[in-house]
Amino acid sequence: MSEAGVIHDIGYQRYSGPRLGRLALQQALYVHGLRSAFGLGRSAKAKIFPWLVFGIMLLVAVIVAAVRAVGGESILSYTSFADQMSFLIIFFVAIVAPQLVSRDLRAGTLPLYFSRPLRAADYVSAKYAAMVSAIWLLLGVPQFVMFLGAAFTTEDGFKGVWNEIGDLLPGWGYSLLWALMFAGISLLIASFTGKQAFAAGGIVAVMLMTTPIVGVLASLPNTTANSLAGLASPVFLIAGVGEWLRGTGGMELDLGRFGPIYGIEAVCLIAACLLLLLARYRKVASL
Amino acid sequence: MTIIVTDGLTKTYGGGVTALADLTVAVDAGVIGLVGANGAGKSTFIKIMLGLLPPTSGSVRVFDLDPVTETDQVRARVGYMPENDCLPGDVSAAEFVTHLARMSGLPKTAARERASEALRHVGLYEERYRQIGGYSTGMKQRVKLAQALVHDPDLLLLDEPTNGLDPAGRDAMLGLVHRIGNEFGISVVVCSHLLGEVERICDSLIAIEGGRLLRADRISSMTEASDILAVEVADGTDELAAALAAVGLTATRDGRMLLVPLQSDAAYDRILRAVADLDLNLHRLDQRRHRVAELFTTKETADV
């Protein structure tokens, strides 16, 4: 073959094919983001952590399904699966969010994106959607494995499967809540630094360091403070919303009559994260 | 064909810094050099053309489109190569350029085809499947150029494409830019602070200083002004000057050389005769084209 650097005259071809609109750009960026969240199309090193976490969660789901099949006893419900796995989700988010966002900042790739028809809003929505999907798949696929295990071993026939579906769907919904919340917070934190290690540390800090605050508030001799304690931490906030919507929950939060407050804060928090992300990228896009 | 038209283009940044002041220029298709010192406003001009920054006042039209309101149409026809490092280290050039082709709106298959073609045109072959992190600076610059070229723009905006390259790399890059401008039929704006570098490959030049337009013209009209002959003899430079004056040639002394305006080809004969008559040793007699740089120097001093 030819020597590097030598340019051969093979002729330049003009491109006359279609140029897709911004919606297609968003989709392409979304797929790219979702793939790189799981290290697909990237080096083997980038695959280790996402797949390790995913593997562990899948293993837990298989064990739960197996126990259910053998003993007929459910040791973990679909919703409490997410609550029990919260540390793994935090770990996953701390690895993936910097991959999606900080890498572009670090490498200085953003000017290349924003000199194309892509806008800040497109970039933010595509990355957010990719992050949400990644977290949801992380929870949803093991939940589905649990469902398969339960559905195939049910003794009530079609009615038993139908009951399982009735349990699975709220579980998936609850996972989506986790995904929406964690994607927003983690992307926002990661978008402030190009250093992946700093971003990961920041995400873990925000997710975990807020837990002691919940503990302190929950032990105050004041029922209002106790009921509102969960608002201080994203993990407890999600659990609180789940509890409020379903009436029961795995975190044993005593919401009292403040359930709606949890719901309002969750919505506001997600919206605030997205708006801040957008503001951040508006600024970055104008360079 | 006029591709870029600005009228009284002014950009003032938040802190009261004026990056561009009343820039009025009309640029024809071809290879265009945008020359100015660091901080002259070159990058600001490029960002305004891309619709990344809105102008404070005045207007700019690229392909008769307004970058502020018709951003997408402008960006579809323009490719941008930034000055800074902008490549992730852990993906291959082929993958990266394909991804950016898709970000320009090309469908999947077309993006892949055009990416490998663009990389081939900039001179990257099998290396394109290696991770960018292991590339030399010259190869990285080529990848940056390829990503600007991948969606087949009608205009390339290259911000300091020769930055960080060794002399051979510079020549290769400039040759590539020249080829893109002349053989691919793509207009190119090359930003540089080195006039000598871009004047070799450009059809026209825009020189800006402190955000103001110094001069914008075609290279040919800048250099054709007047040619001069440089004459160098061993001794007796003064006598030769006097002899030339006697035959009607006004020679100016420049160090060891005499500079004689070349009015007609007869000047060669007259100089030679004068040298022979004085019995001097002629070391040099050559025609010097006005370097563009000289034109700017005189203009600048005139302004100051």
Side-chain angles (χ1 to χ4, degrees), chain A residues 1-29 31-33 35-36 39 41-46 99 102-120 122-123 126 194 196 284-287, chain B residues 43 47 50-54 71-73 75-76 78-82 84-91 95-96 99-100 102-108 110-111 114 117 120-127 131 138-139 142 144 147-148 150-152 157 168-169 172 175-176 179-180 183-186:
Chain A
M1 281 299 280
S2 50
E3 204 183 318
V6 179
I7 297 145
H8 294 280
D9 192 2
I10 320 177
Y12 181 75
Q13 307 270 313
R14 300 301 305 227
Y15 175 74
S16 53
R19 289 175 197 269
L20 308 172
R22 278 169 56 193
L23 202 64
L25 303 192
Q26 280 187 39
Q27 278 170 13
L29 190 59
V31 172
H32 178 82
R35 280 173 55 85
S36 60
R42 311 232 347 260
S43 64
K45 217 172 68 184
Q99 292 280 11
S102 306
R103 238 162 54 91
D104 287 345
L105 282 169
R106 174 67 178 253
T109 321
L110 290 171
L112 300 185
Y113 281 118
F114 295 132
S115 61
R116 295 182 147 76
L118 196 79
R119 300 294 156 73
D122 303 332
Y123 183 86
Q196 296 195 22
V284 178
S286 69
L287 309 167
Chain B
S43 297
K47 280 169 190 168
L50 282 168
L52 289 169
L53 291 173
T71 319
D72 291 354
Q73 289 99 305
R75 288 184 187 171
V78 173
Y80 171 53
M81 170 177 171
N84 321 29
D85 201 7
C86 57
L87 307 172
D90 58 352
V91 290
E95 236 173 290
F96 183 67
H99 176 56
L100 285 170
R102 299 210 65 196
M103 290 300 102
S104 284
L106 269 58
K108 205 170 183 175
R114 290 228 31 116
E117 202 173 315
R120 180 167 59 80
H121 281 301
V122 300
L124 288 173
Y125 298 87
E126 299 88 68
E127 311 92 302
Q131 297 212 329
M139 288 161 80
R142 284 162 191 264
K144 279 162 69 176
Q147 66 79 27
V150 71
H151 56 289
D152 187 29
L157 302 176
L176 203 50
R179 210 176 101 94
I180 291 170
E183 287 174 31
F184 296 8
I186 297 172

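By convention in this document, chain letters (A, B, ...) are assigned in the order of the sequence lines, proteins followed by strands, and residues within each chain are numbered from 1. Computed from a prediction, not measured in an experiment: that's the story for all the values here.
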### Query
Which is it for A:Tyr15 and B:Val150 under the side chain to side chain contact (heavy atoms under 4.5 Å, CB included) test, yes or no, and what are the steps along the way?
CA-CA 9 Å; A:Tyr15 175 74; B:Val150 71; over 6 Å; no
Considering only heavy atoms, which portion of [X] lies under 4.5 Å from any heavy atom of chain A: side chain, backbone, both, or neither?
{"X": "B:Asn84", "answer": "neither"}
{"X": "B:Leu50", "answer": "side chain"}
{"X": "B:Arg102", "answer": "both"}
{"X": "B:Gln73", "answer": "neither"}

### Query
Using 30° and 60° as the class limits, which term best fits the ring planes of B:His99 and A:His32: parallel, tilted or perpendicular?
parallel
### Query
Top residue by heavy-atom pair count (under 4.5 Å) with chain A, among B:Glu95, B:Met81, B:Arg114?
B:Arg114
### Message
Between B:Pro88, B:Ser104, B:Pro54, B:Ala148, who has the most heavy-atom pairs with chain A when the cutoff is under 4.5 Å?
### Response
B:Ser104
Please flag which part of [X] lies under 4.5 Å from any non-hydrogen atom of chain B: side chain, backbone, both or neither.
{"X": "A:Arg119", "answer": "side chain"}
{"X": "A:Arg103", "answer": "side chain"}
{"X": "A:Ala28", "answer": "both"}

### Among the listed options A:Arg106, A:Gln26, A:Arg22, A:Arg14, the residue most often paired with chain B at heavy-atom distances under 4.5 Å
A:Arg14
### Task
Could you tell me which of A:Leu112, A:Thr109, A:Leu25, A:Leu29 has the largest number of non-hydrogen atom pairs under 4.5 Å with chain B?
A:Leu112
Could you tell me whether the side chain of [Y] reaches within less than 4.5 Å of the side chain of [X], counting heavy atoms only?
{"X": "B:Gln147", "Y": "A:Arg116", "value": "yes"}
{"X": "B:Asp152", "Y": "A:Arg19", "value": "yes"}
{"X": "B:Asp90", "Y": "A:Lys45", "value": "no"}
{"X": "A:Tyr113", "Y": "B:Met103", "value": "yes"}

#### Entry: Test side chain to side chain contact (heavy atoms under 4.5 Å, CB included) applied to A:Tyr12 and B:His121, step by step
CA-CA 8 Å; A:Tyr12 181 75; B:His121 281 301; 3.6 Å; yes
### Query
Roughly how far apart are B:Cys86 SG and A:Leu110 CG, rounded to 0.5 Å?
10.5 Å
